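Remember, it's a predicted structure, so these values are computed and weren't measured experimentally. We name chains A, B, ... by the order of the sequence lines, and we start the count at 1 in each one. No hydrogens, no waters, no symmetry mates; every other heavy atom, side chains included, goes into these values.
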Amino acid sequence: MASPSIRIKVPEKAAKGEVFEIKTTIGHDMESGQRKDKEGKPIPRRIVNKFVCKYNGKEVFSSDWYPSISANPYLSFHVKATESGTIELAWHDDNGEVYTKTANITVG
Amino acid sequence: MSKNDRPALSRRQLLVAAGSGMLMAAGVAAAPRAAHAGPAEADEAVKKLIGGASIKEGRVNLKLPQIAENGNTVPFTVSVDSPMTESDYVKSVYIISEGNPFPHVATFNFTPASGKAEVSMRMRMAKTQYVRAVATMSDGSVYQAKQEVKVTIGGCGG
C-alpha cells in the first residue's frame with residue numbers, strides 16, 4: 001500500500017474554552033485477518049491499531065482500533081481550545097509505520 | 001482471533017454469490033461454523049478491560065442504525081454525560097461487539113482537555129447483534145449502554 005491519503009478537518013479559529021470537533025479519515029484497507037484469498041489462504045491482518053491526537057505536544061485524546069473497524073477509518077472527536085498552536089494527529093500501522101498530519105489553530 | 005473454524009467463503013465470494021441470487025444458499029452453508037463471539041465472549045472481554053467493577057446503566061448514549069444494510073460500514077456515535085473537569089471526567093469508552101469474530105472493536109481514551117466525551121466512527125458487523133459501549137469514569141465508576149443492530153449483509157470477511 002502506498003502512503004495512505006489522509007483528510008482532516010480542524011477549525012482555523014476557536015474561542016478560548018470552546019469545545020471544537022476534529023474530523024479525520026485515512027485511506028487504509030484495515031485488512032482484518034479474517035478473509036481468505038482465492039486459493040483459500042488467510043490474508044494476514046494489517047490494520048491501523050492506534051490513533052493519537054496531541055495539542056501543543058500534549059496528548060489530549062487517543063484511540064485503539066481492532067479488526068472490527070471499517071476500511072478507510074473515519075473518526076470524529078472533540079478537543080477544548082485553550083491556546084493557539086498545533087494539533088498533531090498520528091495513525092499507527094500494524095507494520096510499524098506512523099502516518100502524521102498537523103493543523104494550526106488560532107485561539108482568541 | 002486464532003479460531004480456525006471460519007466459513008470457507010470469502011466476503012468477495014459471498015458478494016458474488018449474492019449477485020447471482022445465491023446468497024441464501026451460501027449464507028446457510030456458511031453460517032453454522034462461523035467463529036463469532038457471543039454475549040459470553042463479550043462479557044469476558046468487558047471483564048478483562050474493567051476488572052471486577054460493577055456496571056451501571058445510564059450516562060452513556062450509543063447511537064447506531066436499527067437496521068444496517070451493509071455490515072462493512074455501520075456508523076456509530078457514542079457520548080457520555082460528564083463535566084470533563086480535572087476532578088470528574090470520562091477516562092475511556094470501550095466498544096464491544098456481541099457478534100463479531102473478536103468482541104473488542106475500539107477504545108477511546110479521553111482527558112479533561114477533550115472537553116466533551118463524544119466520538120463517531122464506523123464499524124464492521126458480521127451479523128445482527130447487540131453492541132455495547134462501556135465507559136470508565138475518573139472516579140472508577142463504570143456505565144454502559146447497549147443497542148441492537150439488524151444486519152442485512154454481514155461485513156467481517158466471513
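- Side-chain contact check for B/S141 versus B/K56: some heavy-atom pair is nearer than 4.5 Å.
- Below 4.5 Å, heavy atoms of chain B meet heavy atoms from A/K58, A/E59, all part of residues 47-59 of chain A.
- By the 4.0 Å N-to-carboxylate-O rule, A/K16 lies too far from A/E18 to be salt-bridged with it.
- In this structure, the separation between CG on B/N100 and CD1 on B/I95 is 12.5 Å, given to the nearest 0.5 Å.
- Contacts between A/V60 and chain B at a heavy-atom distance below 4.5 Å involve backbone atoms as well as side-chain atoms.
- Atoms OG and OH, from A/S32 and A/Y66 in turn, are 15.5 Å apart once rounded to the nearest 0.5 Å.
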List the steps, then state whether salt bridge (charged side-chain N to carboxylate O under 4.0 Å, His left out) holds for B/K48 with B/E44. CA-CA 6 Å; B/K48 240 187 236 171; B/E44 216 173 281; 5.3 Å; no

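- For chain A, no part of B/S97 is nearby; none of its heavy atoms comes within less than 4.5 Å.
- There is no contact between A/A81 and chain B, counting heavy-atom distances below 4.5 Å.
- Salt-bridge formation is detected for the pair B/D43/B/R132: a Lys NZ or Arg NE/NH1/NH2 atom is positioned less than 4.0 Å from an Asp or Glu carboxylate oxygen.
- Contact tally against chain B (heavy-atom pairs below 4.5 Å) for A/D64, A/V79, A/V19, A/N72: the top residue is A/D64.
- Put simply, of B/T77, B/T111, B/T107, the one with the most heavy-atom pairs under 4.5 Å next to chain A is B/T107.
- Taking a cutoff of 4.0 Å between a charged side-chain nitrogen and a carboxylate oxygen, B/K146 and B/E98 qualify as a salt bridge.
- Contacts of B/V93 with chain A are absent, with no heavy-atom separation under 4.5 Å from either backbone or side chain.
- Between A/R45 and A/D94 there is a salt bridge, with a side-chain nitrogen of the basic residue lying less than 4.0 Å from a carboxylate oxygen of the acidic one.
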